[in-house]
Amino acid sequence: MGLIGSLYRSSVGKKSIMAASGLLLSLFLLTHMLGNSVSFLGRNAFNTYAERLHSLGVLVYIFEIGLLTLFLIHIITGIILYLENLQARPARYSVNTSEGGRSWGSRTMPYTGVIILIFIIVHLMNFHFTDKSVPVADLVRELLSSPSLAFFYIFSLVALALHLSHGFWSLFQSIGFNHEKYNPLLMKGALVFSILMGTVFILIPVLTLVSRSFLL
Amino acid sequence: MSKIELTLKIWRQAKSDAPGRLQTYASGPISTDMSFLEMLDVLNERLTREGEEPVAFDHDCREGICGMCGAVVNGHPHGPEKETTLCQLHMRHFKDGDTLVIEPFRAKAYKIEKDLVVDRSSLDKMIISGGFVSVNTGGAPDANGIPIPQKNAEEAMDAAACIGCGACVAACPNASAMLFVAAKVSHLALLPQGQPEQARRALDMVREMDALGFGNCSNERECEAACPKGISIRNIARLNREFLKAAIFSDED
Ligand code: HEM
Ligand code: FES
């Protein structure tokens with residue numbers, strides 16, 4: 001704990017923890033996205049995928065605990081950073097403009113973060129703390145055919161994409177990787193990654209709303 | 001020589017603990033050949049003649065190298081021109097009838113002394129905490145006695161271009177001093193002379209920066225865009241690298 005403690009006592013250390021947890025969460029998101037895309041192969045494939053995943057038993061349990069820990073670390077560190085940053089400039093400027101460095105993603109990190117947090121709670125209530133005997137394809141159709149819930153999902157997933165559009169580049173900078181040769185590629189890569197994630201996740205509520213045959 | 005007239009809204013604050021406010025002045029005719037500070041000189045001459053307190057502002061070299069000047073003009077530290085200090089900003093960049101809001105650099109770690117004069121000695125404190133190399137006195141070393149790759153020499157020089165004006169802090173949404181600290185840590189980490197104290201320096205300077213109440217870096221890149229010397233945030237990545245290397249692998253604490 002000595003190292004973690006000393007990292008927590010410094011600004012750069014906290015950012016490296018933010019970056020490491022953000023990277024691992026992004027990797028989780030990548031596998032989640034791949035898993036979700038099985039739904040495009042049809043109802044049977046998707047249900048089978050979900051059953052196989054649940055049959056992993058204790059592994060699923062361990063994974064869930066790990067994920068919860070990562071989220072808690074990321075969220076608590078994010079809140080600490082946010083509050084410290086607010087305190088660092090007690091008197092505001094009368095004119096606020098950008099020098100051109102900030103992006104939509106970077107300026108909204110704390111807000112998109114909170115949206116993701118609320119979304120995760122709703123999402124877990126919808127799909128985790130629920131009757132597990134219903135096949136997942138039916139659960140998806142049942143829940144997301146409600147336009148209000150589907151729009152909430154779409155809205156939250158746009159926020160997630162925005163969070164990643166900055167976060168997936170920022171994490172490399174935070175752990176000290178910014179090379180002249182690769183940085184432009186990394187910035188574009190983060191944008192592509194976030195758009196890809198957003199699109200695949202958003203397709204599910206959109207298809208449920210507009211397609212008569214999706215997951216049926 | 002053409003002339004323009006501007007509306008100036010300038011932050012007036014009698015002393016550190018007094019409340020301040022924006023006060024509006026008509027600039028009168030201003031030559032477009034003037035620098036921004038000369039424009040303030042003209043205003044101050046008039047205020048003095050009228051028996052009013054002139055606007056206090058920081059300045060010294062007026063040639064963009066000392067890092068003393070600086071104010072936030074319409075939200076931009078050192079004004080809207082890229083890679084230009086306030087003293088080197090010319091009035092030809094403004095149009096007749098423009099309104100300019102002129103405020104001091106703001107951060108918890110900066111103290112407003114009066115009007116636009118800001119105590120930025122917190123920057124010096126960070127340099128004192130580790131922004132140096134320790135060398136023995138004695139005979140002058142041979143030039144080029146220590147081989148340094150050209151690329152390192154150039155990157156160190158780019159980092160050393162920092163004039164310590166502190167506009168990076170003023171521009172940062174979090175009032176973080178990472179670009180300033182990164183410039184010094186990079187400058188010395190890139191050169192052989194900086195190696196012996198490398199780990200100590202990164203740890204001490206970051207610790208001092210945090211203790212002084214500067215914010216955290218969210219990689220917003222506003223500092224780089226505001227820096228009058230165009231110092232790159234690649235230096236911040238190098239600082240992060242140096243810090244993590246020292247925190248994880250070195251014996252220093
Ligand atoms: C799947 C979910 C999430 C992923 C993949 C993710 C990913 C990331 C990544 C990669 C970063 C960049 C780290 C860096 O700059 O080094 C980041 C930053 C951030 N995240 Fe998240 N995040 C997620 C959820 C959340 C949640 C739920 C919150 C808060 C309630 C949050 C709040 C923040 C904040 C405030 C930052 C900016 C920290 C700073 O630069 O000062 N994130 N996130
Ligand atoms: S007065 Fe010296 S840099 Fe502007």
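In what follows, chains are A, B, ... by sequence order, proteins preceding strands, each numbered from 1.
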Checklist line | Pick from R241(B), R221(B), E222(B) with the largest number of heavy-atom pairs that fall under 4.5 Å of chain A | finding: E222(B)
Next item on the list: Mind running side-chain contact (heavy atoms from CB on, under 4.5 Å) on V73(B) and V95(A) for me, showing each step along the way?
Entry: CA-CA 9 Å; V73(B) 182; V95(A) 182; over 6 Å; no
Check: Does R102(A) pair with E220(B) as a salt bridge, N-O distance under 4.0 Å?
Finding: yes
Note to self: Is any side-chain heavy atom of P173(B) closer than 4.5 Å to one of N85(A)?
What the structure shows: no
Item checked: Nearest heavy atoms of P90(A) and A107(B), plus distance in Å -> CD-C, 4.3 Å
Notebook entry, point to check: Less than 4.5 Å apart, any side-chain heavy atom of R234(B) and any of N183(A)?
Noted result: no
Checklist line | Among S232(B), A247(B), S218(B), P80(B), residue most engaged with chain A (heavy-atom pairs, under 4.5 Å) | finding: S218(B)
Checklist line | Any S94(A) side-chain heavy atom under 4.5 Å of E103(B) side chain | finding: yes
Margin query: Is P104(B) close to chain A through its backbone or its side chain, or both, or neither, when contacts mean heavy atoms under 4.5 Å?
Written below: backbone
Check: Where on F243(B) is there a heavy atom nearer than 4.5 Å to chain A: the side chain, the backbone, both, or neither?
Finding: side chain
Notebook entry, point to check: In terms of heavy-atom proximity below 4.5 Å to chain B, should H179(A) be classed as side chain, backbone, both, or neither?
Noted result: backbone
Check: Can you check whether Y82(A) reaches N216(B) side chain to side chain, under 4.5 Å on heavy atoms?
Finding: no
Check: OH/Y93(A) to CH2/W11(B) distance, rounded to the nearest 0.5 angstrom?
Finding: 11.5 Å
Next item on the list: Please determine, among I112(B), V72(B), L203(B), I233(B), the option with the most heavy-atom pairs under 4.5 Å with chain A.
Entry: I233(B)
Notebook entry, point to check: Non-hydrogen atoms of chain A under 4.5 Å away: do they reach the side chain of A170(B), the backbone, both or neither?
Noted result: both
Item checked: Proximity breakdown for L86(A) and chain B, heavy-atom pairs closer than 4.5 Å -> neither
Next item on the list: Name the member of A211(B), G215(B), A226(B) that forms the most heavy-atom pairs with chain A at distances under 4.5 Å.
Entry: A226(B)
Notebook entry, point to check: Taking all atoms of both residues into account, what is the closest heavy-atom pair of N178(A) and A237(B), and its distance?
Noted result: CB-CB, 3.5 Å
Next item on the list: Could you tell me which non-hydrogen atom of A225(B) sits nearest to which non-hydrogen atom of G101(A), and how far apart they are?
Entry: CB-N, 4.3 Å
Notebook entry, point to check: Do you know the tightest heavy-atom contact between N240(B) and I175(A)?
Noted result: CB-C, 4.5 Å
Note to self: Taking the basic N atoms (NZ, or NE/NH1/NH2) and the acidic carboxylate oxygens, is any pair closer than 4.0 Å for K151(B) and E180(A)?
What the structure shows: yes
Note to self: I'd like to verify something: which residue of L22(B), V169(B), N74(B) has the highest number of heavy-atom pairs under 4.5 Å with chain A?
What the structure shows: N74(B)
Margin query: Walk me through whether V206(B) and S11(A) qualify under side-chain contact (heavy atoms from CB on, under 4.5 Å).
Written below: CA-CA 8 Å; V206(B) 168; S11(A) 55; 4.0 Å; yes
Next item on the list: Using a 4.5 Å cut-off on heavy atoms from C-beta on, say whether the side chain of N174(B) contacts that of R89(A).
Entry: no
Next item on the list: Taking the side chain as every heavy atom from C-beta outward, state whether L3(A) and I248(B) have any pair of such atoms under 4.5 Å apart.
Entry: yes
Donor-acceptor list for residues 12-22 of chain A side chains, cut-off 3.5 Å, not counting sequence neighbours:
residue : atom : partner : partner atom : Å
K14(A)  : NZ   : E84(A)  : OE1          : 3.1
K14(A)  : NZ   : E84(A)  : OE2          : 2.8
K15(A)  : NZ   : C217(B) : O            : 3.1
S16(A)  : OG   : G13(A)  : O            : 2.6
S21(A)  : OG   : I17(A)  : O            : 2.9
S21(A)  : OG   : M18(A)  : O            : 3.1
S21(A)  : OG   : H74(A)  : ND1          : 3.0

Next item on the list: Please flag which part of K82(B) lies under 4.5 Å from any non-hydrogen atom of chain A: side chain, backbone, both or neither.
Entry: side chain
Next item on the list: Start with the C-alpha distance between N219(B) and S106(A), add both sets of side-chain angles, then the distance that settles side chain to side chain donor-acceptor pair (under 3.5 Å), and finish with yes or no.
Entry: CA-CA 8 Å; N219(B) 302 327; S106(A) 77; over 6 Å; no
Notebook entry, point to check: chain A: which of K108(B), K9(B), R106(B) shares the most heavy-atom pairs with it under 4.5 Å?
Noted result: R106(B)
Notebook entry, point to check: G75(B) and E99(A): which non-hydrogen atoms are nearest, and at how many Å?
Noted result: O-OE2, 3.7 Å
Checklist line | Contact summary for Q173(A) and I236(B), nearest pair of heavy atoms | finding: NE2-CB, 3.6 Å
